[in-house]
Amino acid sequence: MNTLIAIIGLGVLCLLFEIFNLRKAIVPITILGLLGVLGLTISEFNSTESYYNNMIVVSKFSSTFSSLFIVLTIFLVALGHNFYENHQSKISDYIAIKIFLLAGAVAMVSFGNLAMFFLGIEVLSIALYILAASDRMNLKSNEAGMKYFLMGSFASGIILFGICLIYGAMGSFDVTEISELSQSAELPVWFPIGIVLVTIGMLFKVAAVPFHFWAPDVYEGSPALTTALMSTLAKVVAMATLYKLLSVMNADVSESFKMVVVIISMASMTVGNIMALRQTNVKRMLAFSGVSHAGFMLMTLLSLSTSAGSLLYYASAYSLSGIAAFSVILYVCKNRENEDVVNFHGLGKTNPLLAAILTAALLSMAGIPIFAGFFAKLVLFNQTIQAGYLALVIVAVINSIISVGYYFKLILAMYTKEPNEERKGTPVIIYAVAVISIVLNIALGLYPSFILDLLA
């Protein structure tokens, strides 16, 4: 609860800085504030408390995932220092929206009541709608914001309908009471229907097949920094929330539910990777890559009682490599009309460090040692085999091999093509975020127990 209050207070402070004409101090003070909030969150790792009639529940699960969200937000805020310098709106607006989005993310993994769960979703979603359409002079950004708003509104409506059915079946919004009642022998038919509807809405937020159609267009049309936020922070928030929601609802008792998860996981991995092979735009490629990674993360739903650590590890590995990749994309594609692969030609010659970082990030996503992405998949595959789903693991391994094709298309463009033009100097903050995020990724690959033991 203290984390949530501190984040909201920091967001209000960002808006006040604009009033007092302290624009240059917004980013550094926000980063310092987020570091303080991170320390506060870490201090709550071993505490379990509930607030406001169980509306907010602080647990090890919520604290660890909240810490990951805060770290990702620090990187995204740091990257915004140079990204918004040419925008007509004030930088305080963008930074404050990101901070309030973080508040929604923390609420989504800390809820003890379905009302708070829905409130967190709406805070996060509305912030994303605004950021997707934030480049007001760009028609693609306007289209992305409108498409995301319309599709997201339908998904939110489906989630709300599911919550209403769950309330109608159980007579309570409190997840503790719902969990206890769900273990009874006879459940009202509205309860499983409500669970299905809420799951469908959350699968849209995760961009899993067949609810992924919005992702490529929205990712491509949104400003690159917003795409980075959607691809990393927003995706892992939605996945962690879906995991917690199904855990407290005891949804893992149904074998038919598990088979649906297996089918959606296979479809997401396969469709995402095959479609990514055909892309020439890097943001669209990473959008379909994200669909594939959503399929991998859905494997954790097959063993809800034991795979929280695996989900945290995979989410950390994926999001850190995503931050590193988008740091380079922001540099290469700044002031360009598109983010096509051709823009990356010769990057290995003009900027070897950034090319190496992007290569490392892509190799981590593909699941190549020594990066955390490899060990995250290894842990996930091992747990899935123990759960009895060998066929799913075989499909996942095949898809990991397929993914190498489109990741190496970008890598080869950097090292085997001649540069199109000389690139100007790189901002220090780009180097800092890219290097720190990929170093953290490698460190997690070398010491996976550091993350896995947090939720053991």
Side-chain angles (χ1 to χ4, degrees), residues 59-62 64-65 68 109 179 182-183 195 199 202-203 206 208-209 235-236 238-270 272-273 291-319 321 364-404 441 444-456:
S59 63
K60 186 175 287 189
F61 181 91
S62 67
T64 50
F65 274 98
L68 173 61
V109 293
S179 178
S182 66
Q183 298 177 30
I195 292 290
T199 304
M202 291 307 299
L203 288 174
V206 176
V209 172
K235 186 177 289 289
V236 298
M239 192 62 231
T241 305
L242 177 60
Y243 182 93
K244 177 177 179 177
L245 186 70
L246 295 177
S247 296
V248 298
M249 297 293 182
N250 296 310
D252 61 334
V253 298
S254 171
E255 285 299 323
S256 58
F257 174 81
K258 289 185 178 182
M259 287 309 302
V260 171
V261 171
V262 169
I263 293 170
I264 293 176
S265 177
M266 288 182 175
S268 298
M269 288 185 282
T270 306
N273 282 321
V291 173
S292 171
H293 284 286
F296 283 101
M297 286 188 278
L298 286 172
M299 295 166 70
T300 59
L301 302 182
L302 299 173
S303 50
L304 289 170
S305 58
T306 59
S307 57
S310 302
L311 177 59
L312 177 63
Y313 187 43
Y314 196 101
S316 302
Y318 167 71
S319 54
S321 57
S364 178
M365 291 184 187
I368 305 295
I370 58 171
F371 303 102
F374 168 78
F375 296 100
K377 288 183 178 180
L378 188 64
V379 171
L380 203 57
F381 293 169
N382 184 47
Q383 283 195 344
T384 306
I385 291 173
Q386 290 179 356
Y389 297 94
L390 179 61
L392 176 58
V393 173
I394 293 172
V395 172
V397 171
I398 293 172
N399 274 282
S400 295
I401 297 171
I402 294 173
S403 69
V404 173
N441 182 282
L444 293 183
L446 296 175
Y447 304 99
S449 59
F450 178 76
I451 293 292
L452 291 171
D453 291 346
L454 289 176
L455 294 175

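Note: hydrogens, waters and symmetry copies are ignored here, and every other heavy atom, side chains too, is used.
- The nearest pair of heavy atoms linking Val109 to Phe61 is O-CD2, 4.2 Å.
- Side-chain N or O atoms of Ser307 include one that pairs as donor or acceptor with a backbone N or O of Thr300 at under 3.5 Å.
- Looking only at distances, a side-chain donor or acceptor of Asn399 sits under 3.5 Å from a matching main-chain atom of Val395.
- The minimum heavy-atom distance linking Ala317 with Ala376 is given by the pair CB-CB, 4.2 Å.
- Side chain of Ser179 to backbone of Val248: a donor-acceptor contact under 3.5 angstrom is found.
- The two residues Met365 and His293 make their nearest non-hydrogen contact at O-CE1, 3.2 Å.
- Heavy-atom minimum distance, Met202 versus Ala238: CE-O, 3.5 Å.
- Pairing each heavy atom of Ser310 with each of Gln383, the nearest pair is OG-OE1, 2.8 Å.
- Side-chain atoms of Tyr313 do not come within 3.5 Å of backbone N or O of Leu380 as any donor-acceptor pair.
- No side-chain heavy atom of Thr199 sits under 4.5 Å from any side-chain heavy atom of Val260.
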Query raised in the report: Under the side chain to side chain contact (heavy atoms under 4.5 Å, CB included) criterion, do Ile398 and Thr270 qualify, and how do the steps go?
Result: CA-CA 9 Å; Ile398 293 172; Thr270 306; over 6 Å; no
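- Using cut-offs of 30° and 60° for the angle between ring planes, the Phe381 and Phe296 rings count as tilted.
- Here Leu446 contributes atom CG and Asn441 contributes atom CG; the two are 9.5 Å apart, rounded to the nearest 0.5 Å.
- Rounded to the nearest 0.5 Å, atoms CG (Leu68) and CD1 (Ile451) are 7.5 Å apart.
- Atom CD1 in Ile263 sits 14.5 Å away from atom NZ in Lys258 (nearest 0.5 Å).
- One N or O on the side chain of Ser321 and one on the backbone of Tyr318 form a donor-acceptor pair closer than 3.5 Å.
- Looking at Ser265, its side chain never comes within 3.5 Å of a backbone N or O of Val261 through a donor-acceptor pair.
- The two residues Leu298 and Met239 make their nearest non-hydrogen contact at CD2-CE, 3.8 Å.
- Atoms CG and NZ, on Leu454 and Lys60 in that order, are 7.5 Å from each other to the nearest 0.5 Å.
- Here the straight-line distance linking atom OG of Ser319 with atom NZ of Lys235 works out to 12.0 Å at 0.5 Å rounding.
- Looking at Tyr243, its side chain does come within 3.5 Å of a backbone N or O of Leu304 through a donor-acceptor pair.
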**Report entry** Pair Leu311-Lys244, side chain to side chain contact (heavy atoms under 4.5 Å, CB included): steps then yes or no
**Finding:** CA-CA 11 Å; Leu311 177 59; Lys244 177 177 179 177; over 6 Å; no
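- How far CG of Leu246 is from CG of Leu301: 5.5 Å, rounded to the nearest 0.5 Å.
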